[in-house]
Each structure stands twice: as structure tokens, then as C-alpha cells.
Amino acid sequence: MRGISDNVHGVILALSSSIFIGASFIIKKKGLKKASATGGTRAGSGGHAYLLEPMWWAGMLTSKSQGANFAAYAYAPAILVTPLGALSIIVSAVLAHFILKERLHIFGIVGCVLCLVGSVSIVLHAPLEKKIESVMEVWHLATEPGFIVYTCVVMVVVLVLIFRYVPKLGQRYLVIYIGICSLTGSLTVMGVKAVGIALKLSFEGKNQFKYYQTWLFTVFVIVFCLLQLNYLNKALETFNTAVVSPVYYVMFTTLTILASMIMFKDYDHQTATQIITALCGFITILGGTFLLHKTKDMGNNPSTNAILLPKNNKDIESSKPTNEKPKETVEV
């Protein structure tokens with residue numbers, strides 16, 4: 001019963017956090033746009049003029065609700081908490097439609113619904129959190145060969161992206177910025193879970209900060225959070241928010257679930273039905289994100305709108321090219 005109660009606490013914390021995180025995307029992007037409008041160097045070009053913009057700092061304060069999400073990891077497994085970030089996609093996409101005028105068309109709405117349905121499927125079949133009595137148990141899991149290999153692979157890929165691909169292709173391909181954020185984010189979540197467990201146990205009277213491993217986890221989380229923040233700002237300023245949010249969510253969720261499975265072995269005691277259902281839920285999320293990505297420009301393309309929603313025959317005729325040659329009349 002304690003495992004179920006902890007999962008409920010984790011879900012409530014994660015849901016409340018997602019609402020504020022979704023709003024923070026929009027507020028920060030408004031700040032980035034205002035900073036660029038004043039003549040400062042854009043974040044996508046390596047500038048940091050946004051640090052002088054109050055609107056951006058307001059978005060940062062709003063995103064501090066991430067603390068509730070961090071706390072959720074102390075109560076529930078990452079496989080349960082992370083997919084609930086789908087709510088932040090819906091919040092940011094809807095607010096972007098009304099505030100940033102980044103139109104959310106019908107396919108975008110369907111994509112958001114698919115993301116939500118897939119997340120619910122994962123949540124309903126998530127495993128219960130294993131009982132951990134000391135941060136040393138987490139350290140033991142983090143230093144097992146499997147997770148060490150995963151960490152090394154992530155670090156190599158991140159360094160290659162930063163030093164080889166960001167300077168040349170970062171402005172063209174969203175996956176580069178988001179890839180850096182997601183790869184480092186999967187490791188950050190494992191560190192956050194360790195720090196969260198340490199805080200939880202310390203509040204219960206079992207001081208975990210007497211171990212140097214707790215401080216190593218804390219420093220690790222701070223450094224990786226700053227790295228993620230830098231490249232997420234670049235992605236937000238360069239690309240459409242309605243696309244950044246879901247792509248970041250899917251990549252981040254995929255890699256976090258993978259890292260959690262390697263480190264905590266979450267699915268060891270799950271049945272085949274539960275694993276397959278969770279996998280189907282994840283594929284549903286991928287389908288929703290693909291739909292959002294492939295139709296991201298449809299809402300701002302007049303010609304596409306005319307094809308999808310023609311008002312009358314006159315509108316259809318007026319959309320034809322003006323340089324079209326008139327058809328010749330053949331007399332019989």
C-alpha cells in the first residue's frame with residue numbers, strides 16, 4: 001500500500017509541475033523575442049542578451065515549479081513521472097496559439113491528444129517504486145557496469161554534437177539542440193532522483209548528506225541543468241514552440257525511461273501484458289509528435305488552409321496562379 005500511496009503523491013506533484021512548466025516555455029520565449037527586438041545578439045547565435053530581459057526571468061521563476069517535479073521523482077519511479085510531461089506539451093501548444101500567434105491547427109490538436117492518451121497508457125501500467133533506504137543504494141546502482149556504459153555513450157554523443165554539429169547545423173536541425181538537452185536530461189533525472197531520495201530520507205531523520213556521494217549527485221545535477229538550459233534557450237528562440245515542446249518531450253522521455261530501466265531495472269517484476277501496453281502507449285506518443293512535426297507549418301500556410309478549408313468557389317479560383325495561360329478554344 002505504501003508503494004501505491006507514493007505513486008499517487010508522485011503523480012499529483014508531476015501534474016501540477018507540468019502546468020507551470022508548459023506556461024514557462026511561452027513566457028521565456030516572449031522574453032527571448034523581446035531581447036532580440038532590442039538589438040541584442042540572439043540566443044541561437046550564441047548571445048545572452050535575454051539575461052537582461054525581465055520577461056525571461058519571469059519565465060524562469062515559473063519554471064521553478066520544476067521543483068515539484070523533482071520531488072515527484074523521490075516518491076515514484078521515473079517511468080511514471082516522466083510521461084506526465086505530456087501535459088506541458090498541451091499547455092505550451094495552446095498558449096502559443098493564443099499568445100505567440102503560432103497557430104495550432106486541427107492536426108496539432110489531434111497530436112496533443114495522442115500524446116496525452118499514450119502517456120495515460122504508460123502511467124496505468126507503471127511499476128511501483130522500489131523501497132530505497134539509503135543514498136548509498138542509489139550510488140551502487142549508478143556504478144554498475146550497465147549504467148556506466150550508458151553514461152559514457154551519452155557523454156561521447158553530447159560532446160560530438162556540441163563541438164562538431166552545433167556550429168554548422170544547429171540553426172537548421174532541431175534535433176541537435178534537443179538531442180543535447182534530452183541526452184543530458186536522462187542523466188540529470190537519475191541524479192535528481194538520488195538527491196530527492198536523500199532529501200526525503202533526511203527529513204525522516206536519516207541524514208544522507210554525511211555521504212560525499214550525495215554532494216557528488218548534487219553538483220552533477222546543477223552542472224547538467226545549466227547545460228540543458230543553455231541549449232533549450234537556443235532551441236526555443238530558433239524553432240516553433242509547438243514543435244520544440246513535443247519533440248523535446250518524446251526524446252527526453254525515451255532516454256529517461258531507458259536510463260531508468262538500465263539503472264533501477266524498473267520492469268523486472270512487470271508482466272508481459274504490462275510491458276507491451278506501456279510500449280503501445282509510448283508508440284502512441286511518438287505518433288502524436290510525428291503528426292505535430294509534419295504539419296507544423298500548416299496553420300501558417302495560406303495556400304494549405306485554402307485547400308483544407310475552402311470558403312467558396314470564388315476563393316478557389318482566386319488561388320490559381322495568375323500567369324496561367326488561358327485554354328485555347330477549339331471550334332468544331
Side-chain angles (χ1 to χ4, degrees), residues 14 17-18 20-29 31-32 42-48 50-51 56-57 59-73 78 81-86 88-89 92 142 150-163 165-167 170-171 173-196 216-239 241 243-260 263 289:
S17 175
S18 293
F20 288 100
I21 291 172
S24 73
F25 271 103
I26 307 305
I27 300 173
K28 282 191 287 187
K29 183 154 188 177
L32 291 169
R42 298 171 67 246
S45 302
H48 296 88
Y50 58 84
L51 293 175
W56 184 85
W57 283 107
M60 280 298 298
L61 290 175
T62 306
S63 66
K64 292 305 178 184
S65 60
Q66 184 75 34
N69 205 45
F70 287 178
Y73 285 112
V81 174
T82 306
L84 292 177
S88 68
I89 296 177
S92 63
Y150 174 79
T151 302
C152 292
V153 170
V154 166
M155 294 305 300
V156 170
V157 174
V158 168
L159 290 174
V160 170
L161 287 174
I162 291 175
F163 293 106
Y165 291 102
V166 166
Q171 297 287 315
Y173 297 102
L174 171 65
V175 70
I176 294 176
Y177 289 149
I178 297 303
I180 295 171
C181 294
S182 301
L183 286 165
T184 55
S186 67
L187 296 179
T188 304
V189 168
M190 300 303 105
V192 164
K193 190 166 183 65
V195 175
L216 285 178
F217 280 127
T218 304
V219 172
F220 177 84
V221 168
I222 293 172
V223 172
F224 271 54
C225 280
L226 291 175
L227 183 64
Q228 287 176 253
L229 180 62
N230 181 48
Y231 286 97
L232 183 58
N233 281 331
K234 293 178 185 291
L236 282 172
E237 187 180 44
T238 307
F239 301 99
T241 307
V243 178
V244 171
S245 297
V247 172
Y248 179 42
Y249 166 75
V250 168
M251 292 186 68
F252 174 70
T253 302
T254 304
L255 293 167
T256 299
I257 289 176
L258 177 60
S260 183
M263 182 171 172
T289 305

Any non-hydrogen side-chain atom of [X] less than 4.5 Å from a side-chain atom of [Y]?
X	Y	result
Y73	V195	no
F163	L159	yes
T184	M155	no
S186	L258	no
V247	V175	no

To the nearest 0.5 Å, how far apart are [atom1] in [X] and [atom2] in [Y]?
X	Y	atom1	atom2	answer
Y173	T238	OH	OG1	14.5 Å
L232	L236	CG	CG	4.5 Å
K234	L32	NZ	CG	11.0 Å
Q228	F224	CD	CZ	8.5 Å

Closest heavy-atom contact between [X] and [Y]?
X	Y	value
Y248	S182	CD1-OG, 3.6 Å
I176	L161	O-CD1, 4.3 Å
A235	I178	CB-CD1, 3.8 Å
K28	L229	NZ-CD1, 4.3 Å
Y150	A259	CE2-CB, 3.6 Å
V221	V192	CG2-N, 3.5 Å

**Q.** side chain to side chain contact (heavy atoms under 4.5 Å, CB included) assessment of I180 paired with N230
**A.** CA-CA 10 Å; I180 295 171; N230 181 48; over 6 Å; no

Q. Is there a side chain to side chain contact (heavy atoms under 4.5 Å, CB included) between L183 and L255 once you walk through the steps?
A. CA-CA 7 Å; L183 286 165; L255 293 167; 3.6 Å; yes

Q: Could you give me the CA-CA distance, side-chain angles and deciding distance for Y231 and I162, then say whether side chain to side chain contact (heavy atoms under 4.5 Å, CB included) is met?
A: CA-CA 10 Å; Y231 286 97; I162 291 175; 3.3 Å; yes

Q) Should the heavy atoms of other residues, nucleotides or ligands under 6.0 Å from OH of Y165 be counted, would the total exceed 12? A) no

Q: Apply the side-chain contact (heavy atoms from CB on, under 4.5 Å) test between T62 and each candidate in I21, I27, I26; give the one that qualifies.
A: I27

Q: State which residues pass salt bridge (charged side-chain N to carboxylate O under 4.0 Å, His left out) with K29; sequence neighbours excluded, sorted by chain then number.
A: E102

Q. Between S260 and T256, is there a donor-acceptor pair closer than 3.5 Å when you use the side chain of the first and the backbone of the second?
A. no

Q) So Q171 and Y177, side chain to side chain contact (heavy atoms under 4.5 Å, CB included) or not? Walk me through it. A) CA-CA 9 Å; Q171 297 287 315; Y177 289 149; 3.3 Å; yes

